[in-house]
Asks: 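Submitted below is the structure of interest, expressed as C-alpha cells.
The sequence lines fix the lettering, A, B, ..., with proteins before strands; numbering per chain opens at 1.
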There are 2 protein chains.
Amino acid sequence: MTETNRRMILAQRPTGMVDDTIVTMEEAPVPEPGDGEYVVKVSHVSIDPTIRTWMDDAPGYLPPIGIGEVVRSGGLGTVVASRNDEFPVGTTVFGMLGWQDYALVDGTPGTGNVVPDGMDPTAVLSVFGVTGMTAYFGLLDVGEPKEGDVVVVSGAAGATGSVVGQIAKLKGAGKVVGIAGGPEKCRWIVEELGFDEAIDYKAGDVGEALSAACPEGIDVYFDNVGGEILDAVLERISIGARVVLCGAISAYNDRGSAYRLKNSFMLIMRRAKMQGFLILDYLDRFPEAQGEMFGWVLDGKVKHAVHVVEGLERTPEALNLLFTGGNTGKVIVAL
Amino acid sequence: MTETNRRMILAQRPTGMVDDTIVTMEEAPVPEPGDGEYVVKVSHVSIDPTIRTWMDDAPGYLPPIGIGEVVRSGGLGTVVASRNDEFPVGTTVFGMLGWQDYALVDGTPGTGNVVPDGMDPTAVLSVFGVTGMTAYFGLLDVGEPKEGDVVVVSGAAGATGSVVGQIAKLKGAGKVVGIAGGPEKCRWIVEELGFDEAIDYKAGDVGEALSAACPEGIDVYFDNVGGEILDAVLERISIGARVVLCGAISAYNDRGSAYRLKNSFMLIMRRAKMQGFLILDYLDRFPEAQGEMFGWVLDGKVKHAVHVVEGLERTPEALNLLFTGGNTGKVIVAL
C-alpha cells in the first residue's frame, strides 16, 4: 500500500471543547498486519460523548487516551489486509477503530466483530450498536420500568435518548416525557417518535414544566445530561423511583467546576435509587437485545436519526456537536 | 385519673437545633379511651434523627408534625386504660407514642405492638426495634454485601451504625471500617464491637484515611451522615459499589444550605448505585430479621449500647445529642 494513514492524535489534554490545538492530524504509513492481525479501512466513525471523558487524565472506566495516541472511538470499515482467517480481506468489521483512515486490529476476541452483509452501516453504529444497546439495557435493566410508569428522558433527541423513549412506550410506560433543546427537536420526538410530551429546556424552567407534565411524580428518569436538570428531576421523583445515570454531558467539558447536586437527599425521602451503568458490562447480552431491536426497527416501531459529518478532519467538530446540542440523533463521521 | 398529661408540643418550626422556644411543654388531661382505643403510660421514648426531619415543613415520607401537635416518636409503655380487648390494661406496648406521659392509641392495625414479657425495654427500642431493623435491612437488602467485601459505615458509634458493622462482619465482610467522632468512640467500635478499623473524622482528612484503610476501594457504604463524608466515600467506591443512604444527619438541621454533592459522577464511572430506603417499607419482614437478631444478641455476637437521658423535659436535649455526636449507641429518654 502506498497510501498514507491520516491519524487524529490527542496532542494535549483539553480543558473545554476540543479544537485543532487539542487534536491534530498526522500522517503515518498504513500499518501492516502481523500474525493474527488485520487492517481495516475505516468508513464510518461513531461519535459518542464518552470519547470526551477519555481525553481527560481522570479516573474512568477505561484508561485515558495517551498524549500522542490516536483518539479512541468505535467505527466500522472493511478489512484490506489480513493475517487472520476469521477476518479475511473484504469483511465488514465493527470495533474500536479510532479516528484514523486505517486501523490495525490485533484479532484477539472482542477487538473486532463481523458485520453481516447488507446491514446499513449507520444502523450498526446506532440502534444495533452501542448507542441502541445503551438505551435498551440502561432503561430495562437499570431503570426497570413497570406498566404505566411515568418515564422522563433527557437528551431526548440524541442518539440514546431518542431510542430510550421509544422503547419505554413499547414496554408499556404510561407516559414518556422527553427533555430536548429547541422546538424542532421537541416536535420531532413527539410527532415522529411518539413521545407523549416534550420539554424544551431552552424555553423556560424545566422544573415547572416537569411538575406540569408529571403531576404525580417521575417513576423512571434516564439521565444523559446531569447537572441542574438532574436536580430538577430528583425534586420530583416518586416513591421507589429509579434514576439511570447514563451520562453527564453537562459536566464532561469541565470536570473541575462540575455541578454539585442539591437534591440527592430526595433519594432517602422517596426510597429511590440512582445508578450508573456501563454498556461494556452487557456485551454478552447484546444478542438478545439486538434481536428484539431488529424486529422493532423492521416494523417501524423504533425509528432512528443519523447526523452524518463528512471527513476525518471534522471529527473534533462532530464531537463538539454533542455538547452544543447541534445534532439530532446519532452523530457519525463518514470518511 | 387525676394526673395530668405532660406533652412536648412543636411550638414553631426550627431552623437549626431544637430548644425550648421550638418545643414547649404543656399540660393536658390524661386522655380517656373511646371504643377500640387504649391509653399507654409511656416509660421510654426512642430518640431518632428522623424526628428532626418531621419538624420541617418539607416533603418527607410522613407529613410534617403540625404546629401545636405533640412531637411524634416511637416509644414504649404500659396500657393503663383500655376499650380494646387485644390490648388489656397491663400490656406492654410499642408504638408511635410521641413525646408525652400518656398516649391515646386508636387500636387500628400497626398503631401498637405487644412487647413480650421479660424483654429489655431498651433492646426493644434499639436492636430489636426500628434501629436494629434499619441496620439489618439497609445493609443486607439495599447494600447487598458479598463475602469479602470492604464495608464502610458512618455514624459508626451510633445506634444504627454500630449494629451495621457487626452484621457486616457476621455476614462475611472482608473488612469493616467505621467512621466516628473522637478516640473513645473509635476505640469502642474496634475493641468492643469488632470493627476492623475506625476513622476519627475529627482527627484528620477522612478521604486520606479512607484511601489508607481501603486501598482497593469501597464495595458497600452505609451512610448515616451525608455531606462531605459521602463525597469522600464516592471518590473511592469500587466498581459495582452499593451506597446505602440511611440518613443525612449533616443536613437535617439546615436543609436550605444543604451540602451539594460533588462526586455523584463517580456512580457512572464505577457503575455503582446509591439508594435510599425507608424502614417502614419492611414492616412485614421484621419477624425474619428479629429472629436472626435475637440469636445474635443472645450469643453476644451483636452488642448494643444505650445512652439513657432521664426526664420528658429533656427530650429536645436528647435529640440534639444525635447532631452534636454526644451519644454512643441508642439514645432513649426514660420517663
Asks: Taking the side chain as everything from C-beta on, heavy atoms only, tell me whether A:K330 gets closer than 4.5 Å to A:S162.
Replies: no
Asks: At a heavy-atom separation under 4.5 Å, does B:R270 approach chain A through its side chain, its backbone, both, or neither?
Replies: side chain
Asks: Sort out for me which residue in A:K171, A:K175, A:R242 forms a salt bridge (charged side-chain N to carboxylate O under 4.0 Å, His left out) with A:D149.
Replies: A:R242
Asks: Is a side-chain donor or acceptor of A:T131 paired with a backbone partner of A:T160 at a separation under 3.5 angstrom?
Replies: no
Asks: Heavy-atom distance under 4.5 Å to chain A: side chain of B:D231, backbone, both or neither?
Replies: side chain
Asks: Identify which part of A:D281 has an atom lying under 4.5 Å from any heavy atom of chain B, answering side chain, backbone, both or neither.
Replies: side chain
Asks: Does the side chain of A:Y282 pick up a donor-acceptor pair with the side chain of A:T134 at under 3.5 Å?
Replies: no
